[in-house]
S.K.: 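First the structure, which I've put down as structure tokens, then a few questions once you've had a look.
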Amino acid sequence: MLMLLEKRAILERVLRQSTGLEDVLLSEGGEHADLATTIAFTLAKQKKQAPVKIAQDLVDELTKHPDLKGIQVEAKGPYINFIFGAEYVSEAVKEAVKPGYGSLTKKGIRVVLEHTSANPNGPLHVGHIRNSIIGDTLARVFRKAGYGLEVQYYVNDMGRQIAIVVWGFDNLDSNPLAGEKEDAHIARVYIAANQEIEKDPDITQQVNILMQLVENGDPPTVKKFRREVSRCLDGFKVTLKDLNVVHDRFVWESDFIRNGYTDRIIARLRKLPQARDEETLALDLGEFGFGNKYVIRRSDGTSVYAARDLAFHTWKAANFDRVIDVLGADHKLIAAQLQCTMKLLGEKAPEIVHFEFVSLPEGSMSTRAGKFVSADDLITEIRKRAFDEVTTRRPELDEETRKSIAKSVGLAAIRYDIVKVTPEKSTVFDWKEALDFERQSGPYIQYAHARACSILEKAGTFTECYDLESDQEIALAKQIAKFPSVIEKVIAELHPHILATYSRELADTFNTFYHFEQVLRSEGKTRDRRLTLVRAVQNTLKEALETLGIDAISTM
RNA sequence: GGGCGAGUGGCUUAGCCCGGACAUAGCGUCAGCCUCCUAAGCUGAAUGCCGGGGGUUCAAAUCCCCCCUCGCCCGCCA
């Protein structure tokens with residue numbers, strides 16, 4: 001089934017038998033081979049022989065091994081290279097033309113993945129959607145890898161920020177502007193309210209009172225909070241839909257107050273040896289390397305975010321096998337404290353995927369200060385650009401078709417631009433790069449896919465043939481063969497950019513193939529096998545694009 | 001001050017966990033390729049003390065130590 005993974009396992013086993021070493025140092029062979037090992041260096045010390053001789057001896061032995069039939073084994077100096085033969089290549093193509101290629105076997109493991117969870121005090125901006133896109137891509141990869149999955153959005157509906165929004169609606173001119181989107185409206189009121197607070201710090205008292213009222217379940221206050229938060233979420237949902245980001249469930253923070261989970265968790269926390277139940281209830285996690293107190297409950301008796309978050313995670317831990325959160329770098333400390341506390345309680349701690357910040361050329365983004373580029377603005381702008389581009393390239397298409405292509409191209413550009421960078425790297429939002437549709441971009445990969453579709457459409461029916469011949473054909477097939485192992489690697493490392501890099505490399509390889517090998521103009525068996533290969537690459541690109549949340553369009 | 005993350009050609013970036021064969025690709029620059037399957041494409045060239053300094057090793061972008069720069073965090077905020 002999984003050709004590459006299977007071959008790798010066989011080689012590992014055989015090498016272990018032959019060398020007696022546990023770690024056989026098998027790695028990707030790059031341009032030299034499909035897989036390679038530097039084990040001769042390690043053996044050189046043991047055997048007191050030159051690595052080159054050891055490599056040669058080992059190759060002589062391995063070449064005869066019955067399990068390695070169809071694998072060419074060769075020594076290049078001290079390096080031992082494994083090159084897979086025709087059988088591997090044709091099996092790979094045979095797999096790759098099937099619908100759903102790249103899917104792994106069902107696992108029977110239930111995973112809950114939380115992502116985005118932005119505070120509902122203003123529209124999603126280009127920093128928030130890094131969270132959404134990393135999270136949504138991971139979700140798609142988990143599904144493809146055969147996991148049962150539920151994706152959740154945790155709605156912070158009772159924080160100080162929301163209290164400030166509610167205060168603004170109560171006390172300021174808060175009518176929406178004509179055509180104003182809900183979340184943008186809320187941001188405007190939130191920004192104005194913050195300006196008032198800066199002028200008159202006494203307003204903070206009124207905000208505190210609102211927070212107490214909502215925690216105690218005061219009906220009119222609860223209703224007001226819920227109304228504004230819901231309106232903001234309605235705005236988010238439009239943005240997320242435009243980004244092809246899907247949540248299965250929105251979980252409200254305040255529910256964990258109402259259903260008693262927070263009280264229950266506080267009672268359990270109080271019994272921990274690390275608990276410091278004084279004015280406030282806090283945990284001293286100093287023995288685990290945390291320098292600050294982990295506050296659970298305020299002196300006025302209200303809970304803080306951490307308490308509700310612990311209740312939420314306890315609930316998730318009870319209902320799922322794996323709990324994964326996608327969080328910004330600003331949450332690193334509190335997430336580590338949460339993980340530590342969950343372990344103290346004997347609960348399953350969440351796995352956390354952190355991503356570093358997105359800033360603007362002029363500095364950090366801030367909803368409160370109104371300094372941000374909203375995702376909606378980015379989407380509008382990129383669709384405009386994409387529409388102009390499609391109109392230039394395909395003037396013969398009708399407007400509806402061009403609009404539809406532009407929408408898909410814009411989505412691809414945004415998602416790919418964000419997901420292609422490793423989450424550990426902080427980035428600076430750059431309009432020029434975001435609006436680029438060339439090379440290392442989503443549209444570039446879509447284009448390769450559309451090109452394959454176009455060839456297949458013109459070809460009509462043909463007989464599938466898996467006996468590849470030229471170097472270009474084999475190189476492409478081997479790239480296609482890697483796809484399932486890429487899915488597996490993303491799961492192992494929780495790094496979706498690996499899939500982005502792979503997809504781009506597959507498009508590169510196909511474009512090179514396309515340049516050097518004629519498909520439609522070739523004849524007979526050559527035509528059949530190249531068309532089969534085009535079908536395989538089209539299907540693999542389609543699966544890869546869809547796993548990236550990008551439309552695999554057939555014309556553009 | 002302490003913790004976490006990052007530093008790779010002019011710019012962006014892969015590789016780092018698991019050390020090995022000339023460090024990945026793009027943008028930009030330069031030279032080419034549309035009577036030929038979609039040029040959102042392809043081919044080639046130039047550009048790297050892989051932040052700096054020590055160390056480990058037969059071998060270091062990769063591991064260890066120190067330092068520098070940038071980002072994030074260290075609240076009875078979320």
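Below, chains carry the letters A, B, ... as their sequence lines are ordered, and counting in each starts from 1. Any value given below was found using the heavy atoms of this structure, including those in side chains, with hydrogens, waters and symmetry copies removed.
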S.K.: Among B:A78, B:C27, B:C72, which nucleotide sits nearest the side chain of A:A329?
M.R.: B:C72

S.K.: Any donor-acceptor pair, under 3.5 Å, between the side chain of A:S426 and the base of B:G71, if you only look at N and O atoms?
M.R.: no

S.K.: Rounded to the nearest angstrom, tell me the gap between atom NE2 in A:H515 and atom C1' in B:C42.
M.R.: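 That distance rounds to 4 Å.
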
S.K.: Could you tell me whether the side chains of A:E424 and A:H495 share a donor-acceptor contact shorter than 3.5 Å?
M.R.: yes

S.K.: Where does B:C72 land, syn or anti, given syn is within 90° of 0?
M.R.: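 You should classify B:C72 as anti.
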
S.K.: With a 4.0 Å cut-off on heavy atoms, is A:Y514 in touch with a base, just the backbone sugar-phosphate, or nothing at all?
M.R.: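 It contacts base atoms.
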
S.K.: Between A:N156 and A:A450, just flag the one whose closest nucleotide in RNA chain B comes earlier from the 5' side.
M.R.: A:A450

S.K.: Is A:R308 touching bases, backbone alone, or none of the nucleic acid, heavy atoms closer than 4.0 Å?
M.R.: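 If one applies the 4.0 Å heavy-atom cut-off, A:R308 turns out to touch the sugar-phosphate alone, with no base involved.
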
S.K.: If you check the A:V421 side chain, which of B:U38, B:C37, B:A14 turns out closest?
M.R.: B:A14

S.K.: Would A:Y79 count as stacking on B:G20 if stacking means ring centres less than 5.5 angstrom apart and planes tilted under 30 degrees?
M.R.: no

S.K.: When the P atoms of B:A23 and B:U47 are considered, how many whole Å apart are they?
M.R.: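 B:A23 and B:U47 have their P atoms separated by 13 Å.
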
S.K.: Take A:E31 and A:V304, find for each the nucleotide of RNA chain B with the closest heavy atom, and name the residue whose nucleotide sits nearer the 5' end.
M.R.: A:E31

S.K.: Let me know the distance between NZ of A:K420 and C1' of B:U12, rounded to the nearest Å.
M.R.: 7 Å

